[in-house]
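In what follows, a structure is listed as structure tokens, so that the remarks can point back to it.
Values below: all heavy atoms of this structure, side chains included; hydrogens, waters and symmetry mates excluded. Every chain is numbered from 1 and lettered A, B, ... according to where its sequence line falls, protein lines coming before strand lines.
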2 protein chains.
Amino acid sequence: MARRYDHSRDELRQMILDETANQIKLVGVQKISARKIAKEIGYTIGTLYNFFRDLDDLIMQLNGITLDRLHTHLNNVELNGTVEEQLTELADAYIAFTRNNLNLWNSVFEYRLVPGKEQPDWYQEKIELLLRLIEQVISPLFTHLDPKECHQSAWVLWCSFHGICTLSNAEKNNEIAMEQARTLSRMLIENYLSGLKPRIGEADSEPH
Amino acid sequence: MARRYDHSRDELRQMILDETANQIKLVGVQKISARKIAKEIGYTIGTLYNFFRDLDDLIMQLNGITLDRLHTHLNNVELNGTVEEQLTELADAYIAFTRNNLNLWNSVFEYRLVPGKEQPDWYQEKIELLLRLIEQVISPLFTHLDPKECHQSAWVLWCSFHGICTLSNAEKNNEIAMEQARTLSRMLIENYLSGLKPRIGEADSEPH
DNA sequence: CCCCCTAGTGAACATCGATCAATTGATGTA
DNA sequence: TACATCAATTGATCGATGTTCACTAGGGGG
């Protein structure tokens, strides 16, 4: 039954990851099955364990890919206009991605903190990379302030977008969910940035 | 082996829920076991299924209790001072609760959307109840604006708190996680509310 | 042509959630 | 007291899970 070199190692590894993604899209992380994944790509369970330590490892690798895809998606957004307009474009792209990849996205955050399991370093690094996209957009507002403030504001906005998407995505209907998320994120951006401006004014008019 | 009336039905039901909470605290929702819960309270698996349709049902009931406990916790917060100060007190209480009940809190949101599984109505209702706490605190800022705006701003703040707590709780150390969450929520509150004020001024000076 | 090495196998194991026929034992009745 | 009733509780049973590992197949090098 062994069919060596039907696929290269890399091909096979990719097939496992792709099929896992398919299964998660269909039934969610909670309900995937190693046997099902193997069967679907025409191999047996054992083969999976030649590539991944265990199911958690497989899921973690896939989550990494999902984070990379999000980064690419956001990186491809054409940013035009004011800071507020650029931030809105980023938020919209983020909303669209998490909604169009609902189960994959849930997987990323459900496997964030299984107790007793270490969160790998590259997890945090990939998130920092996403954070930097926001940081770059809002940085013009912080030219006269402590750069640390820019970084922290990026964190606030990132966390808030995350919360808005997570809770909006409880809504079943695609359009309603995205519309709600867009409305809330616009309010957040408008008020948060508007709240920043008085302080920027201070910094401008009182240079030391 | 049957030991009827060792405990009343209500007692037994409560024992199951309590033991489930203990297990979740220790190992997380992902890893609880019906057999273990039954064994720990001195009964057999079958008994669990006399009280709950299945494990999901049991977890859902427990999640409801957790949401109720959060509501009680926030309701007991003494609110003093300005809107900003009151909102900060609410946020701090929310942060403390989610951190002190980490695994239970994760359970609430991980079981939010297993695909193909309906989110029960009372889930949303309990969340609306929490939302109302925020709405009441910020309502003084919206006396001259559309009440719908108050409701939406409460949503924005609630979602954002949720995101801040979720992402901060990835940090292992209790104090660091809570300190970070407090810092970010303070920035959010300060800037968001400050962003609201110019519009409130508008509404004040241009009454129709 | 043969042998080696490894990619791939799949039976075996422990454990899981869920079911349901069988059993236990407290209670009401004769 | 003896018996019948019946809800409460049991636990063997089922199908499925993740993981392991001794084994096998078969392509490539000598």
### Message
Around atom CG of A:Asp121, are there more than 12 heavy atoms from other residues, nucleotides or ligands closer than 6.0 Å?
### Response
no
### Task
Using the test side chain to side chain contact (heavy atoms under 4.5 Å, CB included), find all partners of B:Glu78 that sit at least two apart in sequence or belong to another chain.
B:Asn80
### Task
Round to a whole Å and report the spacing from CZ of B:Arg53 to C1' of C:dA18.
13 Å
Table of protein N/O atoms under 3.5 Å from nucleotides 11-17 of chain C N/O atoms:
residue, atom, partner, partner atom, Å
C:dA12, N6, A:Arg35, NH2, 3.3
C:dG17, OP1, B:Ile32, O, 3.4
C:dG17, OP1, B:Ala34, N, 3.1
C:dG17, OP2, B:Ala34, N, 3.0
C:dG17, N7, B:Arg35, NH1, 2.5
C:dG17, O6, B:Arg35, NH2, 2.9

### Summary
Whole-Å distance, B:Lys39 NZ to D:dT10 P, equals 14 Å
### Message
What is the distance, to the nearest angstrom, from the NZ atom on B:Lys31 to the C1' atom on D:dT17?
### Response
15 Å
## Note on the structure
The ring pair (Phe, Tyr, Trp, His ring centres under 6.0 Å) partners of A:Tyr49 (sequence neighbours excluded) come to none
### Task
Between A:Asn50 and B:Thr47, just flag the one whose closest nucleotide in DNA chain D comes earlier from the 5' side.
B:Thr47
### Message
Less than 4.5 Å apart, side chain to side chain, heavy atoms only: is that true for B:Gln136 and B:Leu79?
### Response
no
### Query
Using 4.0 Å as the upper bound for N to carboxylate O, is an ion pair formed by B:Arg182 and B:Glu179?
yes
### Sidechain-backbone polar pair: A:Thr98 side chain, A:Ile95 backbone, donor-acceptor under 3.5 Å
yes
### Message
Classify B:Leu12 by what it touches in the nucleic acid, base, sugar-phosphate, or nothing, heavy-atom distance under 4.0 Å.
### Response
sugar-phosphate
